[in-house]
Amino acid sequence: MNLRKYASKDVYKFLRKAYITAFIGAVLTRVLLPIAILETQTVNTLVFSAVAIFGASIVCFDFFTQRVFLKQKNVVWLMLFLVACAISSVINARFGVLGNVRNLVWLAISFFLLYPVDAELSRTEVKKEIKYVSKILILVWFVACTASLAMFFLQFGCYFDVLPDSFTRLGFVEGRLFGIFEDPNYAASVAIVVIIFSIFNIKTNKNVALKAFYGLNIAVNFCYITLSGSRTAELAAAVTAVLGLYFVLLKRFETINIRLNRALKQIALIVISLTCGLSVFLSVNITRKGLAYLPQFVGTPFEQASISDARLKKHVNINRDDVVNSTDVSNCRFKIWESALELFLSAPIFGTSPRNMRVYAKELFPNGFIAQRAYAVHNAYLDIFTSTGVVGAIFLIVFFVKYLIFIFKHLFLAPADENYYMVLISFAIVVAVAVSAFFLSEIFFVNTINVLTFWLSMGYSGYFAKAEAKNWWHKAR
């Protein structure tokens, strides 16, 4: 059957939108504890299997109809990376096969469905898709973060047994706010993306009430970040703020034509941007300390500050137990990375395969930290080297370098119009997730909200930058 005869761009656009909705819904069943606790592992597996089959079907549909993904910039390097993953999986087949097949499917969906943006779509249509994704995440994270903050103010916290040998935390526990999220580090990193989406909606919305809501949402998500105790999110927020402010000021300086030579102008931009990044750290610390005093106003009992004055109340303890009471500043990450490096050196060409790293470690390096603790690498980039070796890593490095050259060229040279800021906002999301990926397992081999936002935003930034480049060409002619 000739699918081209029955297909149209509207059909593909609808299917892509439907997949994004389904993926977000599936991921939320894992990250929101009230749902995750009630859902069995079997049901969860069936849900994600259905979403994977749906996504793979859309990729196949696109291949036999519009072939949008083949027109995407630099996609060939992602194809080569998939080939490297497949070769690694075959080499390490004795450690497992099905898991690697699933990983290849999920990677293909990220590369060929989420990343590609149809170049023939109008800017208005692409902005509508961004708004659609942003509104879902904003609404969900606003409700979830508000509920989590309520747990903090009520000083509610408890533990749940999820398996015979594991448990999960709910509410304010161990000096940090888990809230209704399964992992505060991932939740806080998504909160940064939600804040950027909120800024986008404030800039593109004329409704005063909605602008006020998005402003409130920024405050709620920022408060969650501060109380989550996620140092990863703090660093990602600071780096994103530095880069974002740098390019905003760069264009502002060009607009008002400040009379400084190029070197002095760059020094001024860098100093102001770095000061902004430092202010993020300071504001997080100040806000955290301030919020620690608020639960007393809802009648929560506090620890007495001293025996001599029983009326004096002390603020909530907001120091993370696993940081304050540990001599390991990395919270075991250095040990994990050292163990991952050992695995990489044992198979430097094609790696251990994406899914088999822990099985590989238990069989060949049983005394290693990853084998004994069954931890993920907690660094997406080291994970690539360990899982796919130098071959896979080289393909991705080339892909990202070419992407960064293209985007930075645009950000430095393009005029400061609406299109420019669409590129900047999309790129800011890419940066936020990419920085988080230095300390979390993100971007590859996992199914998280940030995997979705990262690849979508890479596609959006490339789309708007490419559209602007076409305008330059027409003007030059």
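Just so it is clear, the model here is predicted, and its values are computed rather than measured.
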Full working for side chain to side chain donor-acceptor pair (under 3.5 Å) between Tyr186 and Ser436: CA-CA 9 Å; Tyr186 285 100; Ser436 298; over 6 Å; no
Step-by-step side chain to side chain contact (heavy atoms under 4.5 Å, CB included) determination, Phe247 to Phe412: CA-CA 8 Å; Phe247 285 109; Phe412 277 109; 3.9 Å; yes
Derivation and outcome, side chain to side chain contact (heavy atoms under 4.5 Å, CB included), residues Phe112 and Val75: CA-CA 8 Å; Phe112 305 145; Val75 75; 3.9 Å; yes
Residue pair Val248, Tyr421: steps toward the side chain to side chain contact (heavy atoms under 4.5 Å, CB included) verdict: CA-CA 8 Å; Val248 169; Tyr421 289 107; 4.2 Å; yes
Chi angles and distances behind the salt bridge (charged side-chain N to carboxylate O under 4.0 Å, His left out) call for Glu174, Arg169: CA-CA 9 Å; Glu174 298 171 6; Arg169 305 164 181 85; 3.1 Å; yes
Residues Ser189, Asn450; criterion side chain to side chain donor-acceptor pair (under 3.5 Å); working and verdict: CA-CA 8 Å; Ser189 65; Asn450 275 342; 2.9 Å; yes
CA sep, side-chain torsions, deciding dist, call: Ile384, Phe81, side chain to side chain contact (heavy atoms under 4.5 Å, CB included): CA-CA 10 Å; Ile384 290 298; Phe81 175 71; 3.7 Å; yes
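Inspection of the Arg102 and Asn447 side chains reveals no N or O donor paired with an N or O acceptor under 3.5 Å. Using modelled atom types, one finds a donor on one side chain and an acceptor on the other under 3.5 Å when comparing Asn201 with Ser134. In the model, Asp383 has no side-chain atom that pairs as donor or acceptor with a side-chain atom of Asn379 under 3.5 Å.
Smallest separation of non-hydrogen atoms from Ile218 and Ile199: CD1-CG1, 4.0 Å. Closest of all the heavy-atom pairs between Ser230 and Asn185 is OG-OD1, 3.0 Å. Of all the heavy atoms in Leu15 and Phe54, the pair that sits closest is O-CZ, 4.1 Å. The shortest non-hydrogen separation linking Val105 to Ala52 is CG1-O, 4.2 Å. Between Cys145 and Val220, the closest heavy-atom pair is CB-CG1, 3.6 Å. The two residues Ser273 and Val242 come nearest to each other via the heavy atoms O-CG2, 3.3 Å.
A distance-only check finds no donor-acceptor pair linking the side chain of Ser228 to the backbone of Ala188 [under 3.5 Å]. The backbone N or O of Val68 lies less than 3.5 Å from no partner atom in the side chain of Asp118, so there is not a single donor-acceptor pair. In terms of modelled atom types and a separation under 3.5 Å, the side chain of Tyr214 and the main chain of Phe200 share no donor-acceptor contact. The backbone N or O of Leu227 lies less than 3.5 Å from no partner atom in the side chain of Arg288, so there is not a single donor-acceptor pair. No donor-acceptor pair closer than 3.5 Å links the side chain of Arg176 to the backbone N or O of Pro184. Between the side chain of Gln72 and the backbone N or O of Val117 there is at least one donor-acceptor pair closer than 3.5 Å. Between the side chain of Thr65 and the main chain of Phe61, a donor-acceptor pair closer than 3.5 Å is present. Formation of a donor-acceptor pair under 3.5 Å by the Tyr360 side chain with backbone atoms of Arg355 is not found in this model. Using a distance-only test at 3.5 Å, with no hydrogens or angles considered, a donor-acceptor pair links the side chain of Ser457 to the main chain of Thr453. Side chain of Tyr463 to backbone of Arg123: a donor-acceptor contact under 3.5 angstrom is found.
For the atom pair Thr232 OG1 and Ile192 CD1, the distance stands at 9.0 Å (nearest 0.5 Å). Ile109 CD1 to Phe69 CZ: the interatomic distance, rounded to the nearest 0.5 Å, is 13.0 Å. Rounding to the nearest 0.5 angstrom, the gap separating the CG atom in Leu456 from the OG atom in Ser426 is 9.5 Å. To the nearest 0.5 Å, the span separating CE on Met422 from OG on Ser461 amounts to 10.0 Å. With rounding to the nearest 0.5 angstrom, the CZ atom of Phe365 is 8.5 Å from the CG atom of Leu345. Here CG of Leu382 is found 11.5 Å from CD of Glu338. Values are rounded to the nearest 0.5 Å.
Relative to the ring axis of Phe48, Arg30 places its NZ or CZ within 45° and under 6.0 Å from the centre.
Using cut-offs of 30° and 60° on the angle between ring planes, the pair Phe444 and Trp455 is perpendicular. In this pair, Trp77 and Phe395 present their aromatic rings tilted. The plane angle is within the 30 to 60° band. Relative orientation of the Tyr403 and Phe427 rings is tilted, given thresholds of 30° and 60° on the angle between their planes.
For NZ of Lys362, the number of neighbouring non-hydrogen atoms (other residues, nucleotides, ligands) closer than 6.0 Å is 12 at most. Atom NZ of Lys17 is surrounded by 12 or fewer heavy atoms from other residues, nucleotides or ligands within 6.0 Å. In the displayed structure, Phe14 atom CZ is contacted under 6.0 Å by at most 12 heavy atoms of other residues, nucleotides or ligands.
Applying the salt bridge (charged side-chain N to carboxylate O under 4.0 Å, His left out) rule to Glu182 yields no partners; only residues at least two apart in sequence or on another chain are considered.
Taking the charged nitrogens against the carboxylate oxygens, Glu125 and Lys13 do have a contact shorter than 4.0 Å, which makes a salt bridge. Using a 4.0 Å cut-off between charged side-chain N and carboxylate O, Arg94 and Glu363 make a salt bridge. The pair Glu418-Lys127 meets the salt-bridge criterion, with a side-chain N (NZ, NE, NH1 or NH2) lying under 4.0 Å from an Asp/Glu carboxylate O.
Among Asn92, Asn100, Thr386, the one residue that satisfies the side chain to side chain donor-acceptor pair (under 3.5 Å) test with Ser353 is Asn100. Evaluated for a side-chain contact (heavy atoms from CB on, under 4.5 Å) with Phe399, the options Leu78, Ile394, Leu404 yield exactly one hit, Leu78. In summary, of the residues considered (Phe181, Tyr224, Phe197), a ring-ring contact (aromatic ring centres under 6.0 Å, His included) with Trp141 occurs for Phe181 alone.
Counting heavy atoms from C-beta outward, Gln41 and Leu46 have side chains that stay 4.5 Å or more apart. Looking only at side-chain heavy atoms (C-beta outward), Val97 and Ser89 stay at 4.5 Å or farther from each other. The side-chain heavy atoms of Phe178 and Leu33, taken from C-beta on, include no pair separated by under 4.5 Å. Residues Leu274 and Tyr246 fail the side-chain proximity criterion, which asks for heavy atoms closer than 4.5 Å. Taking the side chain as every heavy atom from C-beta outward, Phe95 and Thr352 never approach each other to under 4.5 Å. You'll find the side chain of Phe111 reaches within 4.5 Å of the side chain of Leu82, heavy atoms only. Residues Tyr460 and Glu129 are in side-chain contact: their nearest non-hydrogen atoms beyond the backbone lie under 4.5 Å apart.
Ring centroids of Tyr420 and Phe464 are separated by 6.0 Å or more, keeping the two rings apart.
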